[in-house]
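Below is one structure, written out as structure tokens; the observations come after it.
Each chain gets a letter, A, B and so on, in the order the sequences are listed, and its residues count up from 1.
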Amino acid sequence: MGIKMSDRGTLNEPRIQLDLFANRPLSADLVDALAEELVWRFDLDANLAGFIEACGDDPVLAPALERWRGMRVGSSYSLYEYLAVAIVLQNTTVRRSVQMMQALFDRFGSRVTFDDRDLCGFWQPEDLTSVSEEELRQLKVGYRAKSISRIAKFFAEGQIDALSLRDRGREETKDELLRLYGVGPASVWYILFEVFHHYDAFDVISPWEQKIYSRLLFDSELEAADVVLEEVRKRWGPWRMLAAHYVFEDLFWRRRNQSVPWLEKLIRL
DNA sequence: CGGCAGGTGCGGA
DNA sequence: TCCGCACCTGCC
């Protein structure tokens with residue numbers, strides 16, 4: 001199925017038009033369920049009043065909030081799909097992550113054509129259960145083949161209930177995700193925030209992010225990780241990951257219009 | 001050509 | 001609980 005979402009509103013009266021493309025008629029129930037799922041995935045019913053109330057005056061955040069008021073964080077991916085991406089992002093450069101993802105899509109994805117677009121649909125966990133690790137390695141995913149294979153099996157066997165995790169707390173969800181082979185602290189924190197919308201999911205920082213936050217918060221090249229985390233906690237409390245995301249997005253948006261020399265050095269493709 | 005990248009599991013202190 | 005180490009691959 002093809003899904004197209006278009007902006008049809010204003011900042012104060014937001015509206016999204018949803019167009020669905022399918023090769024069979026869709027029941028009203030299915031369409032409703034789909035809309036509801038999209039509301040969850042893109043966090044459309046988020047109430048950000050508390051966030052603006054608590055953090056709106058922060059000098060680091062204010063300019064970003066000004067430009068991005070109303071921005072939500074979500075993911076178009078299901079939990080399984082996000083995990084596939086997270087595994088492929090580990091311990092490598094973006095360029096190779098893209099290459100690995102493309103190889104997986106070419107082999108296991110389904111081509112979807114709609115609205116003058118030619119896209120690739122995700123595979124299902126079941127599609128990988130009969131695929132050997134060796135076959136995956138031939139797609140140049142390296143040692144990640146083991147994680148990809150075991151996670152697919154885990155989902156296919158129903159050993160994790162992605163939907164019920166939406167109603168549980170952050171720590172419980174974290175522990176559940178850490179049961180997955182190949183999923184460690186870095187992947188977990190991204191997922192807690194982007195997939196499960198825990199706005200406070202910021203207790204781990206990777207080296208490249210550490211350098212960026214050192215600049216943004218301390219105007220220095222490198223502060224210790226625990227110093228950065230403590231500062232973020234003090235500044236933004238339970239909203240710290242959401243606030244950090246606003247600041248991060250704003251930084252990369254600025255980079256599109258004007259060069260940010262210190263940032264260029266930190267980005268490797 | 002060795003080092004290293006948007007991590008993680010594992011074994012041993 | 002904390003640390004050092006190996007690990008596919010391809011770019012620098």
Side-chain angles (χ1 to χ4, degrees), chain A residues 73-77 79-108 128 131-155 159-160 171 173-196 198 201-217 221-229 232 240-242 244-253 255-256 260 262-269:
Chain A
V73 176
S75 161
S76 58
Y77 301 125
L79 174 59
Y80 172 73
E81 291 164 354
Y82 196 107
L83 281 164
V85 175
I87 294 294
V88 150
L89 281 172
Q90 291 169 6
N91 199 28
T92 189
T93 52
V94 173
R95 188 200 304 263
R96 199 156 92 81
S97 296
V98 171
Q99 179 196 306
M100 289 188 271
M101 212 61 219
Q102 192 60 55
L104 287 164
F105 273 130
D106 287 345
R107 173 81 170 71
F108 303 110
L128 298 191
V131 178
S132 69
E133 265 180 53
E134 197 44 48
E135 276 178 273
L136 289 173
R137 271 175 182 269
Q138 284 166 13
L139 302 178
K140 312 268 192 175
V141 297
Y143 60 84
R144 298 167 195 82
K146 189 171 179 183
S147 308
I148 294 170
S149 181
R150 288 181 64 167
I151 289 174
K153 195 157 179 247
F154 205 78
F155 273 75
Q159 293 198 53
I160 184 165
E171 289 306 297
T173 306
K174 184 182 92 176
D175 293 343
E176 188 72 4
L177 293 172
L178 286 173
R179 292 167 59 214
L180 295 161
Y181 185 91
V183 175
S187 302
V188 158
W189 292 106
Y190 290 135
I191 292 172
L192 287 176
F193 179 54
E194 294 189 32
V195 177
F196 293 105
H198 289 289
F202 193 4
D203 292 337
V204 160
I205 187 168
S206 64
W208 69 282
E209 292 170 317
Q210 185 185 345
K211 290 175 196 161
I212 291 178
Y213 287 115
S214 294
R215 283 282 185 179
L216 294 173
L217 300 173
E221 282 206 15
L222 190 63
E223 294 293 321
D226 54 348
V227 171
V228 173
L229 288 170
V232 160
R240 58 191 179 276
M241 191 62 238
L242 184 62
H245 187 81
Y246 268 70
V247 170
F248 227 85
E249 279 295 303
D250 191 54
L251 172 64
F252 280 85
W253 176 81
R255 173 175 169 265
R256 283 216 303 259
V260 183
W262 63 266
L263 183 58
E264 304 304 326
K265 286 186 203 134
L266 298 178
I267 298 174
R268 277 187 56 180
L269 293 178

Q. Of all residues at least two apart in sequence or in a different chain, which pass the salt bridge (Lys or Arg N to Asp or Glu O under 4.0 Å) check with Lys211(A)?
A. none

Q. Given the P atoms of dG2(B) and dC7(C), what is the spacing between them in whole Å?
A. 16 Å

**Q.** Between C1' of dA5(B) and CE of Met100(A), the distance in whole Å
**A.** 10 Å

**Q.** Residue met sooner reading DNA chain B from 5', once Arg150(A) and Glu209(A) are mapped to nucleotides
**A.** Glu209(A)

(Q) In this structure, how many angstroms lie between the P atom of dT9(C) and the CD atom of Gln138(A), rounded? (A) 11 Å

Q: Please identify each residue that fulfils side-chain hydrogen bond (donor to acceptor under 3.5 Å, both in side chains) with Glu249(A), with sequence neighbours left out.
A: none

Q. Donor-acceptor pair under 3.5 Å: do we get one between Arg137(A)'s side chain and the base of dC8(C)?
A. no

Nucleotide N/O to protein N/O under 3.5 Å, stretch nucleotides 11-13 of chain B:
none

Q.
Rounding to an integer number of angstrom, what distance separates dA6(C) and dG3(B) when you compare their C1' atoms?
A. 15 Å

**Q.** Euclidean distance, atom CZ of residue Arg95(A) to atom C1' of dC4(B) [Å, nearest integer]
**A.** 15 Å

Q: Give, ordered by number, those residues of residues 173-192 of chain A having at least one heavy-atom distance below 4.0 Å to an atom of DNA chain B; if nothing qualifies, reply none.
A: Leu180(A), Tyr181(A), Gly182(A), Val183(A), Gly184(A), Pro185(A), Ala186(A), Ser187(A)

**Q.** Counterpart residues, side-chain hydrogen bond (donor to acceptor under 3.5 Å, both in side chains), relative to Arg255(A) (two or more places apart)
**A.** Glu264(A)

Q | Distance, C1' atom - from dC3(C) to dG6(B), rounded to whole angstrom | A | 23 Å

**Q.** Nearest-Å distance once atom P is located in both dC8(C) and dG11(B)
**A.** 16 Å

Q. Ignoring hydrogens and angles, are the base of dG9(B) and the side chain of Tyr143(A) linked by a donor-acceptor pair under 3.5 Å?
A. no

Q. For Tyr213(A), which residues count as a ring pair (Phe, Tyr, Trp, His ring centres under 6.0 Å) partner, sequence neighbours excluded?
A. Phe202(A), Phe248(A)

Q: Give a yes or no on whether the backbone of Glu223(A) and the side-chain of Ser214(A) come within a donor-acceptor separation of less than 3.5 Å.
A: yes

Q. Mind checking what makes ring pair (Phe, Tyr, Trp, His ring centres under 6.0 Å) contact with Tyr77(A), not counting sequence neighbours?
A. Phe122(A)

Q.
Counting C-beta onward and ignoring hydrogens, is there a side-chain heavy-atom pair between Ile151(A) and Tyr181(A) closer than 4.5 Å?
A. no

Q) Considering only side-chain heavy atoms of Thr93(A), which listed nucleotide, dC12(C), dG6(B), dC7(C), is closest? A) dG6(B)

Q: Find the distance Ile87(A):CD1 to dG7(B):C1' and express it as a whole number of Å.
A: 9 Å

Q: Under the ring pair (Phe, Tyr, Trp, His ring centres under 6.0 Å) rule, collect the residues that match up with Trp253(A), sequence neighbours excluded.
A: Trp68(A)

Q.
Using whole Å, what does the distance between atom P of nucleotide dC2(C) and atom CG of Asp226(A) come to?
A. 12 Å

Q: Convert the base pairs of DNA chain C into dot-bracket notation, remembering that pairs crossing earlier ones are written with [ ] and that bases paired across to another strand are shown as |; include only Watson-Crick or G-U pairs under 3.5 Å.
A: |||||||.||||

Q) Mind checking what makes side-chain hydrogen bond (donor to acceptor under 3.5 Å, both in side chains) contact with Tyr82(A), not counting sequence neighbours? A) Glu194(A)

Q.
Please report the distance, rounded to the nearest Å, between CD in Glu134(A) and P in dC8(C).
A. 11 Å

Q) Taking only residues two or more places apart in sequence or in another chain, which ones pass side-chain hydrogen bond (donor to acceptor under 3.5 Å, both in side chains) with Glu221(A)? A) none

Q: Using whole Å, report how far CZ of Arg144(A) lies from P of dG7(B).
A: 9 Å

**Q.** Nearest-Å distance for atom pair CG/P, residues Leu89(A) and dT8(B)
**A.** 11 Å

Q.
Check this one for me: any side-chain N or O of Gln90(A) less than 4.0 Å away from OP1 or OP2 of dA5(B)?
A. no

Q) Would you say the side-chain atoms of Arg215(A) pair up with the backbone N or O of Leu263(A), donor to acceptor, closer than 3.5 Å? A) no

**Q.** Residues in ring pair (Phe, Tyr, Trp, His ring centres under 6.0 Å) contact with His198(A), at least two apart in sequence or another chain
**A.** none

